[in-house]
Enquirer: 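Mind having a look at this structure? Questions to follow.
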2 protein chains.
Amino acid sequence: MLHQSDQLDLMFQALADPGRRLMVERLSKGPASVSQLAEPLDMSLSAVVQHLQVLEASGLVRTEKVGRVRTCTIEPKTLGQAEKWIADRRTQWERRLDRLGEYLAGQSDKPTR
Amino acid sequence: MLHQSDQLDLMFQALADPGRRLMVERLSKGPASVSQLAEPLDMSLSAVVQHLQVLEASGLVRTEKVGRVRTCTIEPKTLGQAEKWIADRRTQWERRLDRLGEYLAGQSDKPTR
DNA sequence: GCTATACTGAAGCAATCGCTTCACTATCTG
DNA sequence: CAGATAGTGAAGCGATTGCTTCAGTATAGC
């Protein structure tokens, strides 16, 4: 079983590369073959396949081979997990700021008693 | 000037480490000193400082030194940028699925004419 | 069956990462 | 001033990354 934290490691690591992000951007427009993913990238096909393996291991992309072409699809659920982690931290911070604001407002309503 | 893509590289790279994520989680609850950030982590203070530099370079954390203690704060705006990139990809994919669904529904309304 | 296509796998290699230790510098506190 | 505290900086080192090339396999189309 894969721990939640390890999963996040793999996801963020996968997204930390501009080439891999480009692949994800391409896939968010619809499924694509390996060669289609490789086309805009200035590197060997082997390198692209290695990037693809990183994306697949992270769960961000699912692939299936039919005949000689491997078709790649985005996995929005996994993308959603990364999104949620970030959103949780951000909203936690913002709620803290709100509470702090209320506290300060309370202080100015009731000044040095 | 820092390109948008480079910025995302640094952010996702920064978030790809469990120790650094723990620091961000801690900071989302409120500002902290370097030693406070280090406390739950099983590594030298030097290592923590290095992680902190990664977080700072990514723009996710801002720090300020007063006297001998450096206080670290989260930067929710940067966090929001990473969140937005993910959300954009996910919703783009989901809109595509919706359009596909409508198309298929249209097909079944008007079957093999 | 022959050739082109679409990958696949392994080895190798330079660059970067995530630490460590050790030595050092400020800044409080009594 | 003497010590304790909080962090800084550099060197070093093994592991991981991001490629490359080269050699191979499995389909597809003629």
Side-chain angles (χ1 to χ4, degrees), chain A residues 2-3 5-27 30-74, chain B residues 2-3 5-27 30-74:
Chain A
L2 211 53
H3 192 288
S5 173
D6 301 340
Q7 172 86 332
L8 284 171
D9 277 18
L10 293 174
M11 279 191 288
F12 285 128
Q13 186 61 49
L15 291 177
D17 180 275
R20 283 192 296 255
R21 275 202 310 281
L22 206 72
M23 296 193 210
V24 170
E25 285 177 12
R26 168 62 189 79
L27 290 177
S33 73
V34 176
S35 335
Q36 282 172 337
L37 285 182
E39 196 258 344
L41 298 171
D42 189 23
M43 63 178 79
S44 74
L45 190 62
S46 261
V48 173
V49 171
Q50 287 170 56
H51 280 303
L52 191 55
Q53 283 164 356
V54 173
L55 286 170
E56 213 177 346
S58 76
L60 285 168
V61 166
R62 204 162 24 82
T63 80
E64 193 195 0
K65 191 159 185 175
V66 174
R68 65 183 166 177
V69 5
R70 176 172 300 278
T71 302
C72 312
T73 323
I74 231 183
Chain B
L2 211 51
H3 192 287
S5 172
D6 301 340
Q7 171 84 332
L8 285 171
D9 278 17
L10 294 174
M11 280 192 288
F12 285 127
Q13 186 61 52
L15 293 176
D17 181 275
R20 285 193 295 256
R21 274 203 310 282
L22 205 74
M23 296 193 211
V24 170
E25 284 177 13
R26 168 62 189 80
L27 289 176
S33 73
V34 176
S35 334
Q36 283 173 336
L37 285 182
E39 196 258 343
L41 298 170
D42 188 24
M43 62 178 78
S44 74
L45 190 61
S46 262
V48 173
V49 171
Q50 287 169 56
H51 280 303
L52 191 54
Q53 282 164 357
V54 173
L55 286 170
E56 213 175 348
S58 77
L60 285 167
V61 166
R62 204 162 23 82
T63 80
E64 194 194 1
K65 191 160 184 175
V66 174
R68 66 183 164 175
V69 11
R70 177 172 299 278
T71 303
C72 311
T73 324
I74 230 183

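Below, chain A is the first sequence line, B the second, and so on; all start at residue 1. Bear in mind that the values here come from a model prediction, so they are computed numbers and not experimental data.
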Enquirer: Return the value, rounded to whole Å, for the distance between atom CD of Gln13(B) and atom C1' of dC17(C).
Expert: 8 Å

Enquirer: Minimum heavy-atom separation for Leu41(B) and Gly19(B), please, with both atom names.
Expert: CD2-CA, 4.1 Å

Enquirer: Which whole-number value in Å describes the distance from Met43(B) CE to dT21(C) P?
Expert: 13 Å

Enquirer: Arg26(A) side chain to Gln36(A) main-chain N or O, any donor-acceptor pair under 3.5 Å?
Expert: no

Enquirer: Check every strand shown and say whether Ser33(A) touches a base, only sugar-phosphate, or nothing at a heavy-atom separation below 4.0 Å.
Expert: sugar-phosphate

Enquirer: When the distance from CG of Leu55(B) to C1' of dC17(C) is rounded to whole Å, what number comes out?
Expert: 14 Å

Enquirer: Check if the side chain of Ser46(A) and the base of dT21(D) share a donor-acceptor pair of N or O atoms closer than 3.5 Å.
Expert: yes

Enquirer: Just the rounded figure in Å: distance from P of dG29(D) to CZ of Arg68(A).
Expert: 6 Å

Enquirer: So does Leu15(B) get a backbone contact from the side chain of Arg21(B), meaning a donor-acceptor N/O pair under 3.5 Å?
Expert: yes

Enquirer: Counting only distance, no hydrogens or angles, is the base of dC17(C) paired donor-acceptor with the side chain of Gln50(B) under 3.5 Å?
Expert: no

Enquirer: Check the distance between dG18(D)'s P and Met23(A)'s CE and give it to me in whole angstrom.
Expert: 11 Å

Enquirer: Please tell me if Lys65(A) has a side-chain N or O lying less than 4.0 Å from either OP1 or OP2 of dT8(C).
Expert: yes

Enquirer: Please test Leu27(B) against Leu37(B) for side-chain contact (heavy atoms from CB on, under 4.5 Å), starting from the C-alpha separation and ending with a verdict.
Expert: CA-CA 8 Å; Leu27(B) 289 176; Leu37(B) 285 182; 3.9 Å; yes

Enquirer: Nearest-Å distance, CG (Asp17(B)) to C1' (dT16(C))?
Expert: 14 Å

Enquirer: How do Val34(A) and Val54(B) order along DNA chain C: which one's closest nucleotide is nearer the 5' end?
Expert: Val34(A)

Enquirer: Treating Arg20(A) as the side-chain partner and Ala14(A) as the backbone partner, does any N or O pair qualify as donor plus acceptor under 3.5 Å?
Expert: yes

Enquirer: Please state how far atom CZ in Arg20(B) lies from atom C1' in dC17(C), giving the value in whole angstrom units.
Expert: 9 Å

Enquirer: Round to a whole Å and report the spacing from CG of Leu45(B) to P of dT21(C).
Expert: 13 Å

Enquirer: Judged by each residue's nearest nucleotide on DNA chain D, which is more toward the 5′ side, Thr71(B) or Ala16(A)?
Expert: Thr71(B)

Enquirer: Give a yes/no answer on whether the side chain of His51(A) brings an N or O atom under 4.0 Å of OP1 or OP2 in dC19(D).
Expert: yes

Enquirer: Return no unless some side-chain N or O of Arg70(A) is found under 4.0 Å from OP1 or OP2 of dT8(C).
Expert: yes

